[in-house]
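Residues: numbered from 1 along the sequence shown.
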Amino acid sequence: MARRPEFSALMGTIFVFLFFSWFGRPNFLGFAGTATWVNVAAELALISLPVALVMIAGHLDLSVGSVLAAGAMTFAILSGYYELPSWIGVIAGLAVGALLGLVNGLLVTKVKLPSFIVTLATMFSIQGIVYGVTRLTTGTVLVSVQVDEGVKNIFGGLMFDQFETAVLFALAMVLVVSWIVYRTRFGNWVYAIGGDEVSARAAGVPVDRTTVMLYIGSGFGSALLGVIQVALYSSAQVSAGQSYVFNSIIAVVVGGVLLTGGFGSPIGVLFGTMTFAIVYQGIYYTGWDSDWSALILGMLLLIAVLSNNTFRKLAMSAAKPKDKKKPAPGGGGGHAATATATTTATEKKATNV
């Protein structure tokens with residue numbers, strides 16, 4: 001159990017939950033208190049889970065905040081400013097997110113520059129386009145929307161008057177991403193690329209196509225959150241989503257994903273989003289100065305990186321000579337060790353798929 005990539009994330013979640021349950025009692029444990037951090041975790045998970053797959057493959061996506069704003073503003077302009085049916089705005093917003101993800105993926109695979117540089121450039125480019133088009137079209141940077149009741153209930157409704165429907169979308173995304181990682185050939189490809197891209201390519205893994213698909217997923221997840229926020233708040237603004245750029249990376253790293261790629265799990269990322277949300281919201285229930293939340297998050301990130309390296313070494317130490325004769329099945333924390341060892345190990349892994 002300790003060799004699993006989600007183990008350290010689980011321990012972190014339990015620790016911060018007990019910590020704020022004690023210092024934030026009794027309100028933190030109340031129904032409303034639970035809903036505050038669960039909603040934050042759910043929204044963050046919609047971006048963090050696709051970003052986690054990108055990072056497991058050894059890349060980064062810094063454009064998620066701008067893509068969120070692009071999807072949200074597309075929805076708001078079409079259904080708010082031009083008064084088209086809300087379903088058209090939703091579909092258009094999600095399509096824009098997927099399209100921008102496609103652009104990111106093609107740029108990363110074709111120009112051969114680090115994904116950090118590419119997505120940093122697209123982050124500013126998309127942000128500028130969203131700002132310029134919104135100003136040119138509506139004359140303002142804040143657009144109100146009268147969301148249809150059906151769309152409102154699906155994307156922006158509240159369960160028990162407290163929990164956002166984003167919670168259901170997040171749980172569905174966890175199941176889908178887990179199925180991809182643990183049960184599909186595509187999931188094995190993601191770990192193989194993150195472990196050693198050269199070896200994966202030599203073994204016949206479609207590296208470029210897989211990378212493009214991962215960025216499309218990241219763009220779609222970002223736009224989905226943008227659509228949910230518009231449905232929830234009945235408005236959109238061009239600056240929305242920028243905080244998710246680093247918040248998603250923090251949640252993914254705290255969730256056990258290595259920045260170098262090849263190691264991590266979606267369940268761990270879910271724990272990472274919960275840990276982030278508990279710290280982010282729990283500080284208000286303690287009565288302490290909210291400025292301390294940034295310090296706690298910074299320390300948490302550093303501890304997470306150190307613990308991730310420790311648990312990764314545990315996972316790799318489990319691969320004794322007798323175990324190396326059998327390549328591990330794809331899609332789990334320790335499974336990435338076979339992708340990083342040698343070209344032969346990766347080829348065996350791809351062959352088993």
Trainee: Are Met123 and Val118 in one and the same hydrophobic cluster, where Ile, Leu, Val, Met, Phe, Trp and Tyr link if side-chain heavy atoms are under 4.5 Å apart?
Mentor: yes

Trainee: Where do Leu29 and Ser21 come nearest, in terms of heavy atoms and distance?
Mentor: CD2-OG, 3.2 Å

Trainee: Can you list the residues that meet the side-chain contact (heavy atoms from CB on, under 4.5 Å) rule with Glu197, with sequence neighbours excluded?
Mentor: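 Listed in chain order: His59, Ile193, Arg201, Val207.
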
Trainee: Roughly how far apart are Thr275 OG1 and Leu270 CG, rounded to 0.5 Å?
Mentor: 9.5 Å

Trainee: Excluding sequence neighbours, so at least two apart, what forms side chain to side chain donor-acceptor pair (under 3.5 Å) with Thr119?
Mentor: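 Testing Thr119 for side chain to side chain donor-acceptor pair (under 3.5 Å), a comparison that skips the adjacent residues, returns none.
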
Trainee: What about Tyr82 and Trp87, same hydrophobic cluster or not, with Ile/Leu/Val/Met/Phe/Trp/Tyr joined at side-chain heavy-atom distances under 4.5 Å?
Mentor: no

Trainee: What's the spacing between Trp37 CH2 and Thr273 OG1 if we round to 0.5 Å?
Mentor: 9.0 Å

Trainee: How far does CZ of Phe17 sit from CD1 of Ile278, to the nearest 0.5 angstrom?
Mentor: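 Phe17 atom CZ to Ile278 atom CD1 measures 6.5 Å (nearest 0.5 Å).
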
Trainee: Under a 4.5 Å side-chain heavy-atom rule over Ile, Leu, Val, Met, Phe, Trp and Tyr, are Trp179 and Leu171 clustered together?
Mentor: yes

Trainee: Can you name the closest pair of heavy atoms from Val151 and Ser86 and give their distance?
Mentor: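 So the minimum-distance heavy-atom pair works out to CG2-CB, 3.7 Å.
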
Trainee: Applying the 4.5 Å side-chain criterion to the ILVMFWY set and letting contacts propagate, would Tyr233 and Ile47 be lumped into a single cluster?
Mentor: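 As far as the 4.5 Å side-chain criterion goes, Ile47 and Tyr233 are not connected within one cluster.
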
Trainee: Grab the two heavy atoms, one from Leu49 and one from Pro266, that are nearest each other, plus how far apart they are.
Mentor: CD2-O, 3.7 Å

Trainee: Side-chain atoms of residues 153-164: list all donor-acceptor pairs with protein atoms under 3.5 Å, sequence neighbours left out, distances to 0.1 Å.
Mentor:
from   : atom 1 : to     : atom 2 : distance (Å)
Asn153 : ND2    : Glu149 : O      : 3.2

Trainee: What residues, two or more places apart in sequence or in another chain, satisfy side chain to side chain donor-acceptor pair (under 3.5 Å) together with Thr36?
Mentor: Tyr285

Trainee: Tell me, please, which residues at least two apart from Pro206 pass side-chain contact (heavy atoms from CB on, under 4.5 Å).
Mentor: Trp189, Arg209, Thr210

Trainee: Let me confirm one number: the CZ-CZ distance from Phe20 to Phe15, rounded to the nearest 0.5 Å.
Mentor: 9.0 Å

Trainee: Could you tell me which residues satisfy side-chain contact (heavy atoms from CB on, under 4.5 Å) with Tyr284, sequence neighbours excluded, listed by chain and number?
Mentor: Gln281, Ser290

Trainee: Any chance you could measure Ser265, atom OG, to Tyr191, atom OH, to the nearest 0.5 Å?
Mentor: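 That separation rounds to 6.0 Å.
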
Trainee: Going through the checks in order, is the side-chain contact (heavy atoms from CB on, under 4.5 Å) test met by Ile267 and Ser178?
Mentor: CA-CA 8 Å; Ile267 303 301; Ser178 297; 3.9 Å; yes

Trainee: Anything under 3.5 Å between a donor and an acceptor, one on a side chain of residues 215-231, the other on a protein residue two or more places apart or in another chain? List them.
Mentor:
from   : atom 1 : to     : atom 2 : distance (Å)
Tyr215 : OH     : Leu60  : O      : 2.7
Ser218 : OG     : Asp61  : OD2    : 2.6
Ser222 : OG     : Ser218 : O      : 3.0
Gln229 : NE2    : Tyr244 : OH     : 3.2

Trainee: Using the side-chain contact (heavy atoms from CB on, under 4.5 Å) rule, take Val176 and Met173 through it: C-alpha gap first, then chi angles, then the decisive distance, then the call.
Mentor: CA-CA 5 Å; Val176 171; Met173 184 172 287; 5.6 Å; no

Trainee: Less than 3.5 Å apart, which donor and acceptor atoms pair up between the side chains of residues 124-137 and the rest of the protein, not counting sequence neighbours?
Mentor:
from   : atom 1 : to     : atom 2 : distance (Å)
Ser125 : OG     : Ala121 : O      : 2.8
Thr134 : OG1    : Val130 : O      : 2.6
Thr137 : OG1    : Val133 : O      : 2.7

Trainee: Looking at residues at least two apart in the chain, or sitting in another chain, which of them share a ring pair (Phe, Tyr, Trp, His ring centres under 6.0 Å) with Phe116?
Mentor: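 Residues passing ring pair (Phe, Tyr, Trp, His ring centres under 6.0 Å) with Phe116: none at all.
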
Trainee: Test of understanding: clusters of I, L, V, M, F, W, Y form through side-chain heavy atoms closer than 4.5 Å, transitively. Do Leu175 and Leu168 belong to the same one?
Mentor: no

Trainee: Got a second to check how far Ser115's OG is from Leu107's CG, nearest 0.5 Å?
Mentor: 11.5 Å

Trainee: Could you report the tightest heavy-atom contact between Leu44 and Ala251, atom names first, then the distance?
Mentor: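 So the minimum-distance heavy-atom pair works out to CD2-CB, 3.7 Å.
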
Trainee: Taking side-chain contact (heavy atoms from CB on, under 4.5 Å) as the definition, give me every residue that meets it alongside Leu18, ordered by chain and number, with sequence neighbours left out.
Mentor: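 Result, side-chain contact (heavy atoms from CB on, under 4.5 Å) vs Leu18: Ile14.
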
Trainee: Could you give the side-chain donor-acceptor pairs of residues 68-77 under 3.5 Å, partners two or more places apart or in another chain?
Mentor:
from  : atom 1 : to    : atom 2 : distance (Å)
Thr74 : OG1    : Ala70 : O      : 2.7

Trainee: Are any side-chain N or O atoms of Thr13 and backbone N or O atoms of Phe271, one a donor and one an acceptor, separated by less than 3.5 Å?
Mentor: yes

Trainee: Under 3.5 Å, which donor-acceptor pairs link side chains of residues 88-106 to any protein atom two or more places apart or in another chain?
Mentor:
from   : atom 1 : to     : atom 2 : distance (Å)
Asn104 : OD1    : Thr122 : OG1    : 2.8
Asn104 : ND2    : Ser63  : OG     : 2.8

Trainee: Say whether, by atom type as modelled, one donor and one acceptor occur between the side chain of Ser79 and the main chain of Pro85 under 3.5 angstrom.
Mentor: yes

Trainee: Apply the test side-chain contact (heavy atoms from CB on, under 4.5 Å) to residues Thr165 and Leu232: give CA-CA distance (whole Å), side-chain angles for both, the deciding distance (0.1 Å), then the verdict.
Mentor: CA-CA 9 Å; Thr165 53; Leu232 187 63; over 6 Å; no

Trainee: Do Ser48 and Ser248 get their side chains close enough for a donor-acceptor pair, meaning under 3.5 Å?
Mentor: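 No, because no side-chain N or O of Ser48 sits under 3.5 Å from a partner of the opposite role on Ser248.
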
Trainee: Applying side-chain contact (heavy atoms from CB on, under 4.5 Å), run through Leu142 and Gln237 and close with a yes or a no.
Mentor: CA-CA 4 Å; Leu142 177 64; Gln237 58 180 351; 3.8 Å; yes

